[in-house]
Amino acid sequence: MKAIVDCNSFYASCEQVFRPDWKGKPIVVLSNNDGCIIARNDEAKRLGIVMGGPFFKAKDEIKAKNITVCSSNYALYGDLSRRVMETLLYFNPEIEVYSVDEAFLDLQSIPTNCLKNYATTVKDTVFQWTGIPVSIGIAATKTLAKVANRICKKQKAKHNGVFILSDVDEINEALDNTAIEDIWGVGRNNSKKLRFWGIDTALKLSKKDTAWAKKHLGGVVGVRLINELNGIPCIELGEGLEIKKMIASTRSFGKPVTTLSDLKEAIATYTARAAEKLRLQESAAGAIQVFFRSDKFDYAIPYHKNTQFSILSSATANTNELILEAQKLTEKGFQSGVAYKKAGVCLFMLVPENAIQKNLFDTVEANPQVVKLNKTMDMLNRKLGRDTVKFASVGLTQDWKTRCEERSPEYTTKWKDLPRIGKRAK
DNA sequence: TCTGGGGTCCTAGGACCC
DNA sequence: TCTGGGGTCCTAGGACCC
């Protein structure tokens, strides 16, 4: 059996950990730039706040209903996520961290009659150690575990955080109660197709044969999906730390950017961030891409976007080199007169940093001091806070910076934000 | 005023190899 | 009349996930 452990309303729960006075009150969390609503706790869900909608459209309603609004605070969520995962690791070395708020657990070594107790202990311990409530779904395949998890969250009182799907009748009932678009692996496009063919529940889909799936549901992907629904595992647990194959850093601007110097500053900032992530997984990038675009929702002005790509003469993880290349590309693609709304940097062709293929025609020897410089910068920024040391090209004022008007303190990752007991810090 | 930011995997088809 | 059989690698684009 496999389990999926999923944090309940993760971002909203993180915000509540350090604000006991928010207990029982509705909360929503916004995306970057305070753009969309990306998390709501149960109380906010009950008040009818929808997921993913643009914030400015729901603003009045949210105010009227007295719902607390948080800008996203990824430093906080990242740190609490790490604590949750470490707690899971304490129980089970066979864990696949699937996303910031989810992990799969391999339960092969747990006897069937102990599963319920085991999962309940895991759930309670995570809550006790981190303050984050989780739901656990258990079944023979990842896809069925996901089904169990959904039901577990939907019927909180009935399942109390743990739901095991093992009995055939129970599985069928669960599948019958799962709408086609709620299946893990069925997205917007396929659910539309399936509904058109009259397949509207997971149970109906599970009855289709694999040849049909191969033809109509994206080849092997469809075959796997049907097998998984029938309890035949086709998606194995991932191994520990997966090395990323691409790394990106992209952001919307708080206000439109119109000058080349501002755009270059933003691109340098995103490049520095991406390079940090690159070094964290001990890789180097062989290629870099930058892009920038105008507001895609503003139909009054013509939409403008530009993407520039370059393969480096040899792979590097050096921020300085990457920024220089990114800025060259920015100069190439920039158009004056355009109001840019969003920009980003992607790094591709990632290789391990200790296996960089040198270019035959490189005239400059790699300087070991530069590697040390980058590592030292990372260390300082990790220890003393992000951007303690940075490249001048990222700018000092950063007028274009993302909006986040309701950001909570970084309770667990910044000394000055450490919560105080007794008197609330001003 | 105002609409997020990351990622992965798979397929089809073309170019090329022997 | 008639034109093989097997491969690999790469890219663009689609679909999906959180």
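In what follows, chains are A, B, ... by sequence order, proteins preceding strands, each numbered from 1.
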Re dG5(C): Watson-Crick or G-U wobble partner, both distances kept under 3.5 Å, found to be dC18(B)
Would you say K245(A) reaches dC9(B)'s phosphate, i.e. side-chain N/O to OP1/OP2 under 4.0 Å?
-> yes
Is the F104(A) to W184(A) ring centre distance short of 6.0 Å?
-> yes
Answer yes if the ring centres of W129(A) and Y90(A) are under 6.0 angstrom apart, and no otherwise.
-> yes
When the distance from CD1 of I38(A) to C1' of dT3(B) is rounded to whole Å, what number comes out?
-> 13 Å
Remember a base hit wins even if backbone is also touched, and classify D34(A) as base, sugar-phosphate or nothing at under 4.0 Å, heavy atoms.
-> nothing
Could you check which of dC16(C), dT8(B), dC18(C) has an atom nearest any side-chain atom of M246(A)?
-> dT8(B)
If you find the nucleotide of DNA chain B closest to V221(A) and the one closest to F253(A), which residue's nucleotide is nearer the 5' end?
-> F253(A)
Fit a plane to each ring of F253(A) and W400(A), take the angle between them on a 0 to 90° scale, and name the class: parallel (under 30°), tilted (30 to 60°) or perpendicular (over 60°).
-> perpendicular
Could you state the atom-to-atom distance from NZ of K342(A) to P of dG4(B) in whole Å?
-> 7 Å
Sub-4.0 Å heavy-atom contacts from residues 48-63 of chain A onto DNA chain B, ordered by number = P54(A), F56(A)
Under 4.0 Å between any heavy atoms, over every strand shown, what does V100(A) touch: base, sugar-phosphate, or nothing? Just pick one.
-> nothing
Are any side-chain N or O atoms of S135(A) and backbone N or O atoms of K153(A), one a donor and one an acceptor, separated by less than 3.5 Å?
-> no
Within the structure shown, what part of the strands sits under 4.0 Å from K146(A) by heavy-atom distance: base, sugar-phosphate, or nothing?
-> sugar-phosphate
Given atom CG of N190(A) and atom P of dG14(C), what is their separation to the nearest angstrom?
-> 14 Å
May I ask you to check whether Q16(A) and S13(A) show a side-chain donor-acceptor distance below 3.5 Å?
-> no
Which nucleotide, dC18(C), dG7(B), dG6(B), lies nearest any side-chain atom of S249(A)?
-> dG6(B)
Base, sugar-phosphate alone, or nothing: which one does K192(A) contact when heavy atoms must sit under 4.0 Å apart?
-> nothing
Are OP1 or OP2 of dG6(B) and a side-chain N or O of R251(A) less than 4.0 angstrom apart?
-> yes
How many Å lie between CZ on R188(A) and P on dG14(C), as a whole number?
-> 13 Å
What is the nucleic acid contact for K296(A), judged by heavy atoms within less than 4.0 Å: base, sugar-phosphate only, or nothing?
-> nothing
Phosphate oxygens OP1/OP2 of dG5(B): is one of them under 4.0 Å from a side-chain N or O of S252(A)?
-> yes
Give I247(A) one of three labels, base, sugar-phosphate or nothing, depending on what nucleic acid heavy atoms sit under 4.0 Å from its own.
-> sugar-phosphate
Lys NZ or Arg CZ of K25(A) over W22(A) ring: under 6.0 Å, within 45° | no
Mind calculating the distance between NZ (K244(A)) and C1' (dC9(B)) to the nearest angstrom?
-> 15 Å
Upstream residue (5' side of DNA chain B) when G35(A) and G219(A) are each assigned their closest nucleotide = G35(A)
Select one nucleotide: of dG4(B), dG7(B), dC16(C), the one nearest the side-chain heavy atoms of C36(A).
-> dG4(B)
With a 4.0 Å cut-off on heavy atoms, is I183(A) in touch with a base, just the backbone sugar-phosphate, or nothing at all?
-> sugar-phosphate
Side-chain contact check for W184(A): nearest option of dG6(B), dC18(C), dG4(B) is dC18(C)
Which nucleotide in the list dT3(B), dG5(B), dG7(B) gets nearest to the side chain of T250(A)?
-> dG5(B)
Would you mind reading off the distance between R224(A) atom CZ and dT11(B) atom P, rounded to a whole angstrom?
-> 8 Å
Taking it one step at a time, do T271(A) and T319(A) satisfy side-chain contact (heavy atoms from CB on, under 4.5 Å)?
-> CA-CA 7 Å; T271(A) 309; T319(A) 297; 5.7 Å; no
W415(A) side chain near L384(A) side chain, heavy-atom distance below 4.5 Å = no
Measure up the Y74(A) and Y11(A) rings against each other and bin them: parallel (under 30°), tilted (30 to 60°), perpendicular (over 60°).
-> perpendicular
Give a yes/no on whether any side-chain N or O of N33(A) is located under 4.0 angstrom from OP1 or OP2 of dC2(B).
-> no
Report the distance from atom CG of L217(A) to atom C1' of dC10(B), rounded to the nearest whole Å.
-> 13 Å
Return the nearest nucleotide to the side chain of K277(A); candidates are dT3(B), dG7(B), dC18(C).
-> dG7(B)
Specify the separation, in whole Å, of atom CG of N32(A) and atom P of dG6(B).
-> 7 Å
